[in-house]
Amino acid sequence: MFQSVRRPDLLIIVLASAGILMVTMGIRQSFGLFVSPVNTSTGLGVVTISFALAIGQFTWGAVQPVAGAIADHYGPRPVLIAGLVILALGCLITPLISSGFGLAVSLGLLASMGSGMGSFSVLIGAAARRLPVESRGAASGIINAGGSFGQFVFAPLLQKLIQSIGWMGAIGSMAIVALAAIPLVSRVTGTQPALDAHGVHNGGLKRAILDALKNPSYLLLHAGFFTCGFHIAFLVTHLPGEVGLCGLPPNVASWSLALIGIANILGSLIAGSFVAKYRSKYILSVMYGSRTLLILGYLMMPKVEWTYYLFAIGLGLTWLATVPPTAAIVGKLFGTRYLATLFGLTLLSHQIGGFLGAWLGGISMSQFGDFTWMWYADMVLAALAALLNLPIREERVRRAVTA
């Protein structure tokens, strides 16, 4: 399945990228575990905390095209290092915060900016430009799996730390982890020139962006990815609250998030291998459609521990496994020269959906006392995303031929 990245020099690039994403995504995707303890400690209220995390969802997406453009122009090394430092800073100052505004700055802006600068657009863009064409699909799956593995590791670890040393000590520990990942940056960026320095576009970054925004397939891809962001942000922020409403202990939520992460490792690897065999738009359509059925099944099942664990495994198979086929479509449409920027714009659409998913979830809880209407909205949006991906004009997969 992954013979195309088995060469040691290529494997180092891919695994180092996956390691950085493991840290940035593992920390970021576990912030929902802090909603209840921060509310208990500060009395800020679920809506205020949800709004701060919703700002973080949008910030993480908004920084992606900017970070991608800087990386495309100056190289990814300074972007990745700065991102890890800013992520650590956001985690460090959060325990000092006692207001909604302060929380919006620490977690909503700083931590999310740092995580975004060390996330998909820069890492996949940097790796793609140092890998041969036949290795990029598998590589994107492995890199994406690194983010999922981070969620699997960090969710239960943070829950244990919150219970043992308190939420302040737990989030401070994450700052140390972020700084410890800095040595991996040199493995990703290296010293060799990019294998593909030009790609499809040679009219500059501005022309590449303008051409992309006029492309109907690119816009349809954005619409589907918007739904993905809504879905993921709602769940990662409010799944602990949903578990609490059912009278189950907090560890059910942390283990559910961990199971999502471990299942998405498998899902990401499968998606990465499928990119080389099937059209990515069909892969995405099946993934989004499956979410509609999973949510419907969840709503019909009794709310016990194993319901959440099975639901988490089902969701995890497609959780962020949408990234490899989405990045593949962007690369097919526009080449890799400005992949970090153009895929960053797609991630911005993802996080606009993420902002609404996190924020509206808090409002639903405040106004109605549960998340019922959010589940219905999530089902409808997932079904629409499945349909919107089908008209994307994507060239047929070209089978690799060994000389």
Side-chain angles (χ1 to χ4, degrees), residues 28-60 94 97-104 106-108 111-112 151 155 158-159 162 167 171 226-257 260 291-292 294-305 307-309 311-312 315 319 351-382:
R28 174 181 169 272
Q29 293 283 64
S30 300
F31 283 157
L33 297 173
F34 291 93
V35 173
S36 179
V38 170
N39 184 37
T40 301
S41 175
T42 63
L44 291 174
V46 174
V47 173
T48 299
I49 298 169
S50 296
F51 185 69
L53 294 182
I55 290 174
Q57 293 289 341
F58 178 77
T59 301
W60 185 84
T94 297
I97 299 303
S98 59
S99 68
F101 175 79
L103 197 64
S106 64
L107 291 184
S112 299
Q151 184 171 329
L158 276 170
Q159 187 65 57
I162 290 170
W167 74 268
I171 202 166
F226 168 92
T227 293
C228 184
F230 182 95
H231 169 86
I232 288 176
F234 164 58
L235 285 170
V236 81
T237 305
H238 297 292
L239 185 60
E242 174 80 359
V243 169
L245 286 175
C246 297
L248 297 172
N251 66 299
V252 174
S254 61
W255 277 111
S256 295
L257 291 173
I260 288 173
R291 293 179 181 181
T292 301
L294 279 168
I295 296 169
L296 180 62
Y298 163 75
L299 293 175
M300 296 172 64
M301 292 175 69
K303 304 305 182 286
V304 296
E305 279 187 46
T307 294
Y308 284 101
Y309 296 154
F311 183 52
L315 289 174
W319 186 250
Q351 292 314 114
I352 293 173
F355 171 86
L356 292 173
W359 184 37
L360 293 178
I363 292 177
S364 176
M365 182 62 186
S366 176
Q367 295 294 318
F368 305 110
D370 59 32
F371 300 106
T372 301
W373 286 105
M374 289 297 293
W375 290 117
Y376 292 157
D378 201 7
M379 277 197 299
V380 171
L381 288 173

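Only this structure's heavy atoms are used, side chains among them; waters, hydrogens and symmetry mates stay out. For the single chain, residues carry numbers from 1 onward in sequence order.
Listed by chain and residue number, Val38, Leu44 satisfy the side-chain contact (heavy atoms from CB on, under 4.5 Å) test with Thr42 (two or more places apart in sequence, or in another chain). Every side-chain contact (heavy atoms from CB on, under 4.5 Å) that Leu296 has, sequence neighbours left out, goes to Met300, Met379. Under the side-chain contact (heavy atoms from CB on, under 4.5 Å) criterion, Ile352 pairs with Phe58, Phe226, Leu348, sequence neighbours left out. In this structure, the side-chain hydrogen bond (donor to acceptor under 3.5 Å, both in side chains) partners of His231, at least two apart in sequence or on a different chain, are Asp378. Every residue two or more places apart in sequence or in another chain that forms a side-chain contact (heavy atoms from CB on, under 4.5 Å) with Phe51 is listed here: Ile55, Phe355, Trp359.
Looking only at side-chain heavy atoms (C-beta outward), Met374 and Phe230 come within less than 4.5 Å of each other.
A tilted orientation is assigned to the rings of His238 and Phe234, their planes being inclined by 30° to 60°.
Ser50 places no side-chain N or O within 3.5 Å of a backbone atom of Leu360 that could act as its donor or acceptor partner. Of the possible polar contacts, none joining the Thr307 side chain to the Lys303 backbone as a donor-acceptor pair under 3.5 Å is found.
Applying the side chain to side chain donor-acceptor pair (under 3.5 Å) definition to pairs two or more places apart or across chains, those involving residues 360-370 are Asp370-Thr372.
Of the inter-residue distances, the one linking Phe31 atom CZ with Thr94 atom OG1 reads 7.0 Å to the nearest 0.5 angstrom. With rounding to the nearest 0.5 angstrom, the CD1 atom of Ile171 is 7.0 Å from the OG atom of Ser106.
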